[in-house]
Undergrad: 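Before I ask anything, let me first share the structure, which is written out below as structure tokens.
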Amino acid sequence: MMKKSMSERDICTKYITPAIQAAGWDSHAQIREEVSFTAGRIIVRGKLHSRGKVKRADYVLYHKPNQPIAVIEAKDNTHAVGHGMQQALDYAEALDVPFAFSSNGDGFIVHDRTGLMNPVERQLTLDEFPSPSDLWQRYKKWKGIDTSSEAVVAQPYYTDGSGKEPRYYQRVAINRTVEAIARGQQRILLVMATGTGKTYTAFQIIWRLWKSRAKKRILFLADRNILVDQTKTNDFKPFGQAMTKIEKRQADKSYEIYLSLYQAVTGREEEKNIYKQFSPDFFDLVVIDECHRGSAAEDSAWREILDYFSSATHIGLTATPKETRDVSNITYFGEPIYTYSLRQGIDDGFLAPYKVVRIDLDKDLQGWRPEKGQVDKHGNLIEDRIYNLKDMDRNLVMELRTRLVAKKVSDFLKASNRFDKTIVFCEDIDHAERMRQELVNQNADLATENSKYVMKITGDDPLGKMELDNFIDPESRYPVIATTSRLMNTGVDAQTCKLIVLDQTINSMTTFKQVIGRGTRINEDYDKYYFTIIDFKKATELFADPDFDGDPVMIYEPGPEDSPLPPDAPETLDDEPPEQTELPLPPGGEDDPEPRVKYVVDDVPFFVVAERVQYYGPDGKLITESLKDYTKKTVRKEFANLNDFLRRWTAADKKQAVIDELADQGVLWEALSDDVGKDFGPFDLICHVAFDQPPLTRRERAENVRKRNYFTKYGEQARAVLEALLDKYADEGVQSVEDLKVLRINPFDQIGTPTEIVNTFFGGKQNYERALRELEELLYA
């Protein structure tokens, strides 16, 4: 009976941990308790955010550091021994470990995911828990690790002594890759969403293979100079003197780790292919960053490098694997060995969710036709046809449209924070320059204060490109707004970018994911938890595509009734020009290779047709929903009816536990208070919003208690404390009343010390807590 009354933590301490230790597991090096491995999804409503629950395993057992091998889920003894198994299996799958255990202190249920044990699940007594060597032997058999490859797999991770560890998904990617290479696999593809640390993951893979001497000379290829420089300075820094960057078309063969741009080692002319100065078997390992670009195409110059070093192991890294009729990552590398998607990153709380502002302009939707014989600003006769969204800033420049877009972007920043880092994606370099001018004019005060407040950062502009490092540096205030076309749509680590503006036609899912990826990083030090997308070109319709793997948190989008499309308007946009697969880019940087006729019109006004709020529902479909409706739906998932909620609230020793539980489910109390009324506590907010009950203010509840003369049974000093607690409730709510620290502040410090109040006035902590519970029962009667 005594075991039945123990808490889950007591069961762990008295029964489960001793059983694991008795089986030979090292309590310091191999056993970790209460291991949190996600950060908790960021939930956004309006301008506020909260975090959901983290995933926390009761125990994770390790063969060696960063090599988890088993998960144990514990329950108290009122539950069956196997009650935690489903949760253990969920965690085991995420952490990529083969053995899941459940225990209530009486024994264990073990589930063997390797398929090597028959039956798959069986019960063990406390003294039958398997030893580390037993599980490791089974793990090796599962992974196909033999004696010759074990040293590679066992090679430790790099650590700088700071305690920094890979996130769980990085560890899975690293371990799977090292194990596959140890088994002899030659082509490996890792798919990891933008912002999830692909370069750090690549570093740990290379480090372990290099240190174990499984791979002695390594080539790391990227397609942007900034990517190579960031990699060398940051994640790859521990390689030190063993590392070099290939530049000035020189091949120095005295290093072991080589970093290079594709175009630094290739050229259209044979004599410029400096990679051929290395022998074909010089490199043991070639790592290709952003491999969705040129390396996937069979006839690209980049692919020549991979074919030349074909005897080396090739690892492809990408956030967006490319699969078209002509280009395929999977055909070359094989199926991904591991995929960590944008959706999963947002669910885990490692990536920033986003809200979307869809702004539709009248002539984008309705179309515009020139008058007969009309000429543009420069005297060119405008071709007589209907121009609509797909033409804007590609074939037709409407200067007042650009001005309106710049104004809407500036108005958004003025309503939030004018120093939020912002990227405006334009159709081409010319459009980016015009947008820069309009944004300067819309923000003349700040642009006068610092000329770098708005900057064009494009491939043709050396001055702008020089400022790219400052734009992505969280410490650097300027530039704040960057206008660009294609230079910044991939590989730019803009940790503090809070606003992405799409005034560019995007129909390529690969490009769209890369653009969205500019905002997905979280930086809590700079209050970056989510980002906003303002879409003028319907690009965010791609969110509805099955190929896109992350749902927006919130979307502003016109409904059918707001979009007066003419009967002959096209339903879809033309495909964008094919992406450049070979570098360097053609003259004009990011402009299209084919010259386009552009008419410039400066006197046609534009107006906003629609802008409205919609949320993604639980089924992934867009629904129009207010904050109250969202809260009602969320609460009713937890509580079947009002009585169910009242029972849980009344039974809770601390009401804060119920408040926190609902916050974890996505109820934003501060936003709800702003919407319904700041004088209502969480109890009344829920009763009113979710169950349509008339609410009472905290002060009204406090006065109702006073009318009942409840305090007369207490002594004078205890009555003074309870009166003060009632006042504190009326002012601040039940959360502050339940916290013992409240007894240290005014007016309680005038009545007595916390020890005096609890022990002398109430006769001990138990009596004080009983009085508090009675007070709460009266408050919510």
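Keep in mind the model is a prediction, meaning the values are calculated, not measured.
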Undergrad: Once side-chain contact (heavy atoms from CB on, under 4.5 Å) is applied, do any residues pair with Lys377, and if so which ones, sequence neighbours excluded?
TA: Glu399, Val600, Asp602

Undergrad: Can you list the residues that meet the salt bridge (Lys or Arg N to Asp or Glu O under 4.0 Å) rule with Lys408, with sequence neighbours excluded?
TA: Glu611

Undergrad: Who pairs with Tyr387 by ring-ring contact (aromatic ring centres under 6.0 Å, His included), at least two apart in sequence or on another chain?
TA: none

Undergrad: Apply salt bridge (Lys or Arg N to Asp or Glu O under 4.0 Å) to Asp384 and list each qualifying residue two or more places apart in sequence or on a separate chain.
TA: Arg369

Undergrad: Distance check, rounded to the nearest 0.5 Å: Asp503 atom CG versus Thr402 atom OG1?
TA: 7.0 Å

Undergrad: Under a 3.5 Å distance rule, please check whether Thr520 uses its side chain to pair with a backbone N or O of Thr194 as donor and acceptor.
TA: yes

Undergrad: Consider only side-chain N and O atoms of Thr483 and Arg436, and report whether a donor and an acceptor are under 3.5 Å apart.
TA: no

Undergrad: Keeping Asp473 on the side-chain end and Asp469 on the backbone end, is there a donor-acceptor pair under 3.5 Å?
TA: no

Undergrad: State, without any angle test, whether Tyr526 and Glu475 hold a side-chain donor-acceptor pair at a distance under 3.5 Å.
TA: yes

Undergrad: If you apply the rule side-chain contact (heavy atoms from CB on, under 4.5 Å), what do you find for Thr422 with Val501, and how did you get there?
TA: CA-CA 8 Å; Thr422 300; Val501 180; 4.1 Å; yes

Undergrad: Can you list the residues that meet the side-chain contact (heavy atoms from CB on, under 4.5 Å) rule with Ser451, with sequence neighbours excluded?
TA: none

Undergrad: Under a 3.5 Å threshold, yes or no: a donor from one side chain and an acceptor from the other, between Glu427 and Thr505?
TA: yes

Undergrad: I'd like to know if the side chain of Lys237 reaches the main chain of Thr231, judged simply by a donor and an acceptor atom lying under 3.5 Å from each other, with no hydrogens or angles considered.
TA: no

Undergrad: Can you list the residues that meet the ring-ring contact (aromatic ring centres under 6.0 Å, His included) rule with Phe536, with sequence neighbours excluded?
TA: none

Undergrad: Is any side-chain heavy atom of Asp535 closer than 4.5 Å to a side-chain heavy atom of Ile359?
TA: no

Undergrad: Any chance you could lay out the side-chain contact (heavy atoms from CB on, under 4.5 Å) test for Arg401 and Asp364, step after step, and finish with the verdict?
TA: CA-CA 9 Å; Arg401 182 188 184 282; Asp364 288 356; 3.0 Å; yes

Undergrad: Just by modelled atom types, is the Asp527 backbone N or O under 3.5 Å from a matching donor or acceptor in the Lys498 side chain?
TA: yes

Undergrad: Sub-3.5 Å donor-acceptor pair from the side chain of Gln204 to the main-chain atoms of Thr201, do we have one?
TA: no

Undergrad: Can you check whether Gly459's main-chain N or O pairs, donor with acceptor, with Lys465's side chain at less than 3.5 Å?
TA: yes

Undergrad: Applying ring-ring contact (aromatic ring centres under 6.0 Å, His included), name anything that partners Tyr169, two or more places apart in sequence or on another chain.
TA: Tyr340, Phe350

Undergrad: Indicate yes or no: at least one non-hydrogen side-chain atom of Ile206 is less than 4.5 angstrom from one of Phe236.
TA: yes

Undergrad: Taking side chain as C-beta onward, heavy atoms only, is Thr532 less than 4.5 Å from Val356?
TA: no

Undergrad: Sub-3.5 Å donor-acceptor pair from the side chain of His431 to the main-chain atoms of Val397, do we have one?
TA: no

Undergrad: How close do Lys421 and Arg477 get, heavy atom to heavy atom, and via which atoms?
TA: CE-O, 3.6 Å

Undergrad: Identify the two heavy atoms, one from Ile500 and one from Ile516, that lie closest to each other, and give their separation to 0.1 Å.
TA: CD1-O, 4.0 Å

Undergrad: Any non-hydrogen side-chain atom of Leu317 less than 4.5 Å from a side-chain atom of Val287?
TA: yes

Undergrad: May I ask you to decide if the ring planes of Tyr255 and Tyr258 are parallel, tilted or perpendicular, using 30° and 60° as cut-offs?
TA: perpendicular

Undergrad: Ring-plane angle category for Phe283 and Phe278, please: parallel below 30°, perpendicular beyond 60°, tilted otherwise.
TA: tilted

Undergrad: Keeping to residues at least two apart or across chains, list the ring-ring contact (aromatic ring centres under 6.0 Å, His included) pairs with something in residues 448-469.
TA: Phe419-Tyr453

Undergrad: Would you indicate whether the side-chain heavy atoms of Lys390 and Lys537 approach each other to under 4.5 Å?
TA: no

Undergrad: Partners of Lys232 by side-chain contact (heavy atoms from CB on, under 4.5 Å), sequence neighbours excluded?
TA: Met243, Lys245, Leu259

Undergrad: Any idea which heavy atoms bring Ala482 and Phe471 closest together, and the distance?
TA: CB-CE1, 3.8 Å

Undergrad: Can you sort out the partners of Tyr529 under ring-ring contact (aromatic ring centres under 6.0 Å, His included), two or more places apart, ordered by chain and number?
TA: His49

Undergrad: Of all the heavy-atom pairs spanning Ser341 and Ala193, show the shortest one and how long it is.
TA: C-CB, 3.7 Å

Undergrad: What verdict does the side-chain contact (heavy atoms from CB on, under 4.5 Å) test give for Ile315 and Val286, after you've listed the backbone C-alpha separation in whole Å, the side-chain angles of each residue and the deciding distance to 0.1 Å?
TA: CA-CA 6 Å; Ile315 301 174; Val286 180; over 6 Å; no

Undergrad: Side chains of Leu190 and Pro336: does their closest heavy-atom pair fall under 4.5 Å?
TA: no

Undergrad: Are any non-hydrogen side-chain atoms of Ile429 and Asp461 less than 4.5 angstrom apart?
TA: no

Undergrad: Drop me the distance from Asn234's CG to Gln230's CD, to the nearest 0.5 angstrom.
TA: 6.5 Å

Undergrad: For Leu463 and Met455, which heavy atoms make the closest approach, and how far apart are they?
TA: O-CE, 4.4 Å

Undergrad: Measure up the Phe203 and Tyr200 rings against each other and bin them: parallel (under 30°), tilted (30 to 60°), perpendicular (over 60°).
TA: tilted

Undergrad: Taking all heavy atoms of Val191 and all of Ala319, pick out the closest pair and write down the distance.
TA: CG1-O, 4.0 Å

Undergrad: Under a 3.5 Å distance rule, please check whether Lys456 uses its side chain to pair with a backbone N or O of Thr484 as donor and acceptor.
TA: no

Undergrad: With no hydrogens and no angle check, is any side-chain donor or acceptor of Thr496 less than 3.5 Å from a backbone partner on Pro474?
TA: no

Undergrad: Considering the options Leu499, Val480, Leu413, which one meets the side chain to side chain contact (heavy atoms under 4.5 Å, CB included) requirement together with Asp420?
TA: Leu413

Undergrad: Taking side-chain hydrogen bond (donor to acceptor under 3.5 Å, both in side chains) as the test, write out the residues that go with Asp252, two or more places apart.
TA: Ser254

Undergrad: Between Leu361 and Val609, is the side-chain contact (heavy atoms from CB on, under 4.5 Å) condition met? List the steps.
TA: CA-CA 5 Å; Leu361 306 181; Val609 171; 5.8 Å; no

Undergrad: Just one of Asp430, Asp376, Asp391, Asp393 clears the salt bridge (charged side-chain N to carboxylate O under 4.0 Å, His left out) bar with Lys598, so which one?
TA: Asp430

Undergrad: With a cut-off of 3.5 Å and sequence neighbours excluded, list every side-chain donor-acceptor pair involving residues 438-447.
TA:
residue	atom	partner	partner atom	Å
Glu438	OE1	Arg403	NE	3.4
Asn441	ND2	Gln437	O	3.4
Asn443	OD1	Arg418	NH2	3.1
Asn443	ND2	Ser410	OG	3.0
Asn443	ND2	Leu439	O	2.9
Asp445	OD1	Arg418	NH2	2.9
Asp445	OD2	Arg418	NH1	2.9

Undergrad: Are Lys363 and Phe606 in a cation-pi contact, defined as NZ or CZ under 6.0 Å from the six-membered ring centre and within 45° of the axis?
TA: yes

Undergrad: Got a donor-acceptor contact below 3.5 angstrom from the Gln514 side chain to the Thr511 backbone?
TA: no

Undergrad: Measure the shortest side-chain to side-chain distance between Val608 and Asp360 over non-hydrogen atoms and say whether it is less than 4.5 angstrom.
TA: no

